[in-house]
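See below for the structure under consideration.
Protein chains get the first letters and strands the later ones, always in sequence-line order, with residue 1 at the start of each.
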Protein chains: 2
Amino acid sequence: MSAAPREAKSVRTRRRILDAAAEVFSEQGYGARLSDIAERAGMKTGSLYYHFDSREDLVAEVLRLGIEGAWDQVAAAVGRLPSTATPMERLAAAIRAHTLSIVGRSAYATAQARIVGSLPGELARAHRKDQRAYGDSWRDLFGAAQRAGDIDGEIDVFVAQMLAFGAMNWTSEWFRDGLGTTPEQLADQAVLVFFHGLSAR
Amino acid sequence: MSAAPREAKSVRTRRRILDAAAEVFSEQGYGARLSDIAERAGMKTGSLYYHFDSREDLVAEVLRLGIEGAWDQVAAAVGRLPSTATPMERLAAAIRAHTLSIVGRSAYATAQARIVGSLPGELARAHRKDQRAYGDSWRDLFGAAQRAGDIDGEIDVFVAQMLAFGAMNWTSEWFRDGLGTTPEQLADQAVLVFFHGLSAR
DNA sequence: GTCTATATGACGATAGAC
DNA sequence: GTCTATCGTCATATAGAC
């Protein structure tokens with residue numbers, strides 16, 4: 001009947017499990033139990049294994065989707081800028097978008113930021129390729145700004161990039177709604193701090 | 001015989017276990033096993049329980065000493081400044097000292113920064129009082145700089161403080177010796193970024 | 001104080017009924 | 001596809017010898 005074929009039910013169930021996992025990991029960190037994830041997905045622990053071979057597989061997929069989701073938002077935000085945008089304007093859009101993706105726009109991105117620091121060696125290695133690709137995209141953004149002469153000569157852009165990642169990812173640990181600051185204000189503050197620093201001017 | 005009484009042997013052993021735990025946690029994160037800690041301390045797993053009631057007790061003590069160690073270094077660095085130092089100079093010294101304490105000067109501080117984000121609810125709550133006290137000291141540093149008019153009016157100092165903590169603590173995840181950057185250079189970069197931002201000036 | 005040996009419990013993972 | 005039931009493993013924790 002339905003002319004447009006809907007995605008297979010198993011695909012949707014798999015997605016439901018991943019959604020649940022992303023939420024639970026973003027709340028409890030890497031140590032979260034499969035039973036909690038199963039419960040949130042509305043099934044029993046054993047049933048998860050029809051869709052995933054192991055806990056590691058599930059974690060790996062959440063991580064991958066987390067980086068993918070963050071990158072989708074960053075790329076979209078940068079892409080929305082007019083072609084006349086300067087490298088620094090593009091970098092600002094990226095910082096805003098990444099921060100917003102961590103602070104609640106995507107459970108996957110939040111989960112990724114929250115647990116990436118607690119991964120055991122095996123998973124960390126497997127995740128490194130995706131991390132590197134994402135980091136390289138950022139390096140391009142920083143590099144373009146640097147070549148345009150918009151970044152101060154004293155700044156080590158690699159170090160600056162890692163400091164920025166730390167500041168943004170760490171928001172998953174402390175930022176909560178109802179703290180008197182909105183996600184948008186937080187994102188603006190991040191841009192402000194990284195572009196001009198704290199000092200009065 | 002020995003006129004100056006040395007500290008009891010049990011105290012030294014306890015310290016040896018804590019040192020081992022701090023190192024192992026800083027390398028492997030919160031998921032590290034007691035057996036690894038025991039091995040590094042030169043004993044068997046069961047023997048740890050003569051000195052600590054539980055894994056949680058051991059973790060809690062490492063966390064406490066981690067904050068204490070960081071604060072010792074920060075307070076000492078700030079205290080070394082001449083009394084004529086400005087609030088911003090004091091804040092700079094604090095950022096330098098905290099960053100250095102994370103990047104290898106104290107295994108406890110490194111371990112604390114590395115695992116504080118992965119703590120299960122129980123331990124996280126227990127640790128909160130120490131965190132708050134440390135955060136309050138930083139709030140004083142920021143507050144003094146703000147009242148002196150040295151911090152830009154657009155900056156939300158609470159948000160800025162949390163961004164700074166994130167950037168500094170995250171260095172425990174990526175900074176390694178032999179990366180072409182020394183700990184001192186890293187600390188200087190942190191000050192540079194947070195004081196003046198990336199922008200050319 | 002530290003050892004060996006073992007108890008305990010949790011959680012990931014599997015098997016088979018439905 | 002999901003369930004119930006269970007297995008196997010591993011890490012924390014305890015007991016008792018030395």
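Chain A approaches DNA chain C over the interval C/dC11 to C/dT14, counting the first and last nucleotide 5' to 3' with an atom under 4.0 Å from its heavy atoms.
In summary, the aromatic rings of B/Tyr134 and B/His98 are positioned with their centroids under 6.0 Å apart. For B/Trp138 and B/Phe158, the ring centers are positioned 6.0 Å apart or more.
With contacts defined as side-chain heavy-atom distances shorter than 4.5 Å, the pair B/Arg14/B/Glu61 qualifies. Annotation: side chain of B/Val191 is not in contact with side chain of B/Leu91 (no heavy-atom distance under 4.5 Å).
Residue pairs that meet the salt bridge (charged side-chain N to carboxylate O under 4.0 Å, His left out) test with at least one member in residues 176-188 of chain B, sequence neighbours left out, are B/Arg96-B/Asp188, B/Arg105-B/Glu184.
Proximity of residues 28-52 of chain B to DNA chain C (heavy atom under 4.0 angstrom from any strand atom) is restricted to B/Met43, B/Lys44, B/Ser47, B/Tyr50, B/His51.
Distance alone, capped at 3.5 Å, is enough to place a donor-acceptor pair between the B/Thr110 side chain and the B/Ile102 backbone.
Within 6.0 Å of CD on B/Gln185 lie more than 12 heavy atoms contributed by other residues, nucleotides or ligands.
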